[in-house]
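First listed ligand is number 1; within each ligand, the first listed atom is number 1.
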Amino acid sequence: MGKPVPALAAAGDVGLTALPGVGKAVAEKFAARGLLRLQDLWLHLPRQYEDRTRITPVRLLQPGVAAQVEGRVEAVERGFRYRPLLRVAIGDDSRATLVLRFFHFRSQQVNQFRVGARVRAYGTPRPGQQGLEIVHPSYRVLDDEAEGELGDALDPVYPAIEGIGPATLRRLVAQALERLPPAEELELVPAARLGHGLPSLRDALLTLHRPPREADVAALLAGTHPAQRRLALEELLAHHLSLRRQRIALQAHAAPALADDGGRVQALLSALPFALTGAQQRVFEQIRADLARPSPMLRLVQGDVGSGKTVVAAMAALIAIGSGRQAALMAPTELLAEQHLANLRTWLEPLGVRVAWLAGKVSGRARTAVLAEAASGAAQLVVGTHALMQEGVVFRDLALAIVDEQHRFGVHQRLALRDKGAAAGSVPHQLVMTATPIPRTLAMAAYADLDVSAIDELPPGRTPVQTVVLGAARRPELIDRIRTACAEGRQAYWVCTIIDESDEVVAQAAQTTWEQLTAALPGLRVGFVHGRMKAAAKQATMLEFKRGELDVLVATTVIEVGVDVPNASLMIVENAERLGLSQLHQLRGRVGRGSQASSCVLLYQSPLSQMAKQRLETMRATSDGFVIAEKDLELRGPGELLGTRQTGLADFRIADLARDADLLPEVHRIGEALMREAPDIADRLVARWIGGAARYAAA
Ligand code: ADP
Ligand code: MG
C-alpha cells in the first residue's frame, strides 16, 4: 500500500497551541492529562450527553431523568434558610409546576426571573417540598419570542480537565473537530477490511462528539454504539500492532539453540515420584521445540494452581544446563522463591546440577559468592527474587530466563531479566509462568507478544475442594471444623481480610483472630503471618507450618500465591466478599493439594452487594480456573484483571476488553494483514493511539 501521506500526519499531529485561545498555560493543563495533539482531543470523548434537542412537558418529568423544560415564571422566592436561597417556579402548557432552586446566585440573575418570563432549563429533577425541583439547572431566559430554536445534536459532556471549564473544553474540542481531515485522509484501516458495517473514523468521531438527536443514547452510554465499536476496533488494533512489533523486534535477535539436555530430563522423570500429566508433557514438548530454535522463545505457560508448572520449568532449565549454559528462575516473593529453591534442589542436585540462591537478604560474602558463581557459570541455575535483576548480577551465559507468577511483575521487569543475557549478541529464551488463567480472548490481546500454552489438567488423585459460603454469624461453628480437621492430622488456614487495605489494620484484625483462635483451640498450635512481619520471621512461621509444626495458620492474604502445603485441608477466608475472584481462587488453591478431601469456607459479612453475591456463587459453583477467569472478566473488567502495571491494557481510551472481546478475532486478522502489507500504516496506527511516548521504551 501507499507511502505515508504527509497531510494526514500534519492534520492530527499538530500541538494544541494551534487552536485559538490555547497558549502555553492551557496546553500544559491538557498535557497533564496526556492530551498533546489535536488528535488527542478528537479522541477525548464525552462521558455523557445532554439532550437539549427536545422539550419535555413538566408533567412528564421523571425524578432522576435529566431533561430540558420550558415554561413561564410563575413565582420567585428569595430568602435565607441557613444560606441564601432562590426558588423560581415555572409552569408550562402541561399545567404542571417545576421549581428551579439556586443556592449561589447573583442579584442580576434574580432580576432576570420576572414573573411571566420565558425560561428554558436543563437538569435532573428530584422530589422537592412542592413537587419536582431541579437544583442549579443550566438555564436561559428567552427574551425574544422568536428565540430558542432547538438544536439537532446532543450536547457532549467531557471528562473534566483540571483548570479548564466545561464550556471552554467544549469549544476547544469543537474547534479541534473542525480540523478533522476528510474521511479518506483520516482513515488508516482500509474500509475493505472492516466488517461489521462500521462507520468511517470521521463519521464515528463526529457522531460520538455530537450525536444526532435520534441517536441511541442508551447504546452510547453503554459503549456499544457502532461509532464506539469502530473506535474500539481501531484502538485494539493499535495495541495489538504495538505488542506484535515488540515481539518481532525481539525475534530479530539471536538466541542460543538449546537441543541437548545430556539425558538429564529423562533422569529427572525417572526419579520423580509421579508421572507427568498429559498437559505437562504437551507443554514441555512445546517448550522443547521453542528452545531448539536459534531465535528467542517467548512463551507464557498458564496453569491453574497445583497444575504442576514448577516441574515443567525444571525440565526446561535442564535443557539449557545440558547445553552447557545457565538458567535463572525469578519469583515475586522470597517465600515463593525459596519454595522453588527447595524443590529444584531436591530434583536437580542429585543430577549434579549446581543451584544457587539470590534474594535481597543474601548479602556480604554470601552475595559475593553467588555473584561470582553466576559470572563464572559455576551456578547452572540461579533461583531468586527481583534481586536477580539488579545491577551487578552478571551471568556468564544465561540462556533461559524463567519468571513465575508474572502478574506480580511488570512487562519491564520481564525485559530486564532478559537483558541479563545480552552478552554475546544473543538474548535468552523466556518462559513466563502464571497461575492466573486468562480468558482466551483476553490472552490474545494482552499477550500478542507471547506464545501461550496451557497446563489445563490437574495431576490425578486430587479431590476437588468442597466450597461452602457462610454468613459471618456462623463463625463459631468453624472452631469445631478446625478441631476435627486437626484431630485427623490435617492443617488449616484462616485468612483475614479487611476493607481498609492498609497493612497495619489487616495485621491487627489478624492478630485479634489469632488471639481468639489460640484461646478457643487449646492444645493446637496456631501460628500467625502478616505482611508487616520481617521476611525472615514470616518465612520461619511458614516453614513451621509446612513442616507440620503448626496446626493452624492465621494469615493475611500474603499467603495467596504459590505456597504449597499438601497436608493442609481446610481454608477459611473471612470477609470473602471483599476479595476478587482470582484472589479467592488463589487462596482456595492452597488446599486440595494432597489426596485427602479438602474444604474451603468463605465467610461473608452481610449485606452482600450484587457483585459480591455473584463472586461467591461462582466460587461455590466451579473450581475451573478458566471459568472463574471468564467470570472475573465479566464482573470486573480487564483492567483489574490484568493490572495496569502489567500491560497498559487498562489505559484504553475507548475499548473495553470485556465488552469488545468479540472484536478481537477481527483485530487479529486486520493486524496480521497490515503487518504484512502495510507496515507504514501499522506504524501510524500505533502512533495515533499509543502516541510517541514510547510505552515500552525498554523493549
Ligand atoms: P503450580 O502449577 O501451582 O506451581 P506446583 O508446581 O507447585 O504447582 O505443583 C503442585 C504440587 O503437585 C507439587 O507438590 C508438585 O510436586 C506436584 N506435582 C506436579 N506434577 C505432578 C504430577 N504430574 N503428578 C502428581 N503430582 C505432581
Ligand atoms: Mg507455582
- Message: Below the 3.5 angstrom mark, is there an N/O of Val311, backbone or side chain, next to an N/O of ligand 1?
- Response: no
> So is there a nitrogen or oxygen of Gln280 less than 3.5 Å from a nitrogen or oxygen in ligand 1?
Replying inline: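 In this structure, Gln280 places an N or O atom under 3.5 Å from an N or O of ligand 1.
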- Under a heavy-atom criterion of less than 4.0 Å, does Ser307 contact ligand 1? yes
- Report yes or no: does Ala275 have a heavy atom closer than 4.0 Å to ligand 1?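 It does, in that a heavy atom of Ala275 comes within the 4.0 Å cut-off of ligand 1.
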Nearest heavy-atom neighbours spanning Gly306 and Pro459 |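 Smallest interatomic distance, heavy atoms only, reads O-CD, 3.3 Å.
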- request: Of all the heavy-atom pairs spanning Lys309 and Val301, show the shortest one and how long it is.
  value: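 Answer, listing the atom of Lys309 first, then Val301: CD-O, 4.2 Å.
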Exercise. Heavy atom under 4.0 Å from ligand 1: found in Leu276's side chain, backbone, both, or neither?
Worked result: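 Leu276 to ligand 1: backbone contact only, side chain stays beyond 4.0 Å.
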message: Nearest 0.5 angstrom please: Leu300 CG to Met433 CE, how far?
response: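 Reported to 0.5 Å precision, the distance equals 10.5 Å.
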Rounded to the nearest 0.5 Å, the CG atom of Leu381 sits from the CG atom of Leu400 at a distance of 9.0 Å
**Prompt:** What do you reckon, is CD of Glu549 surrounded by more than 12 foreign heavy atoms closer than 6.0 Å?
**Reply:** yes
Thr277 heavy atoms within 4.0 Å reach ligand 1 at atoms 23 (N)
In ligand 1, the atoms that come under 4.0 Å of a heavy atom of Thr310 are 4 (O), 5 (P), 6 (O), 7 (O)
Exactly one of Ile319, Val311, Leu269 clears side chain to side chain contact (heavy atoms under 4.5 Å, CB included) with Phe284, and that residue is Ile319
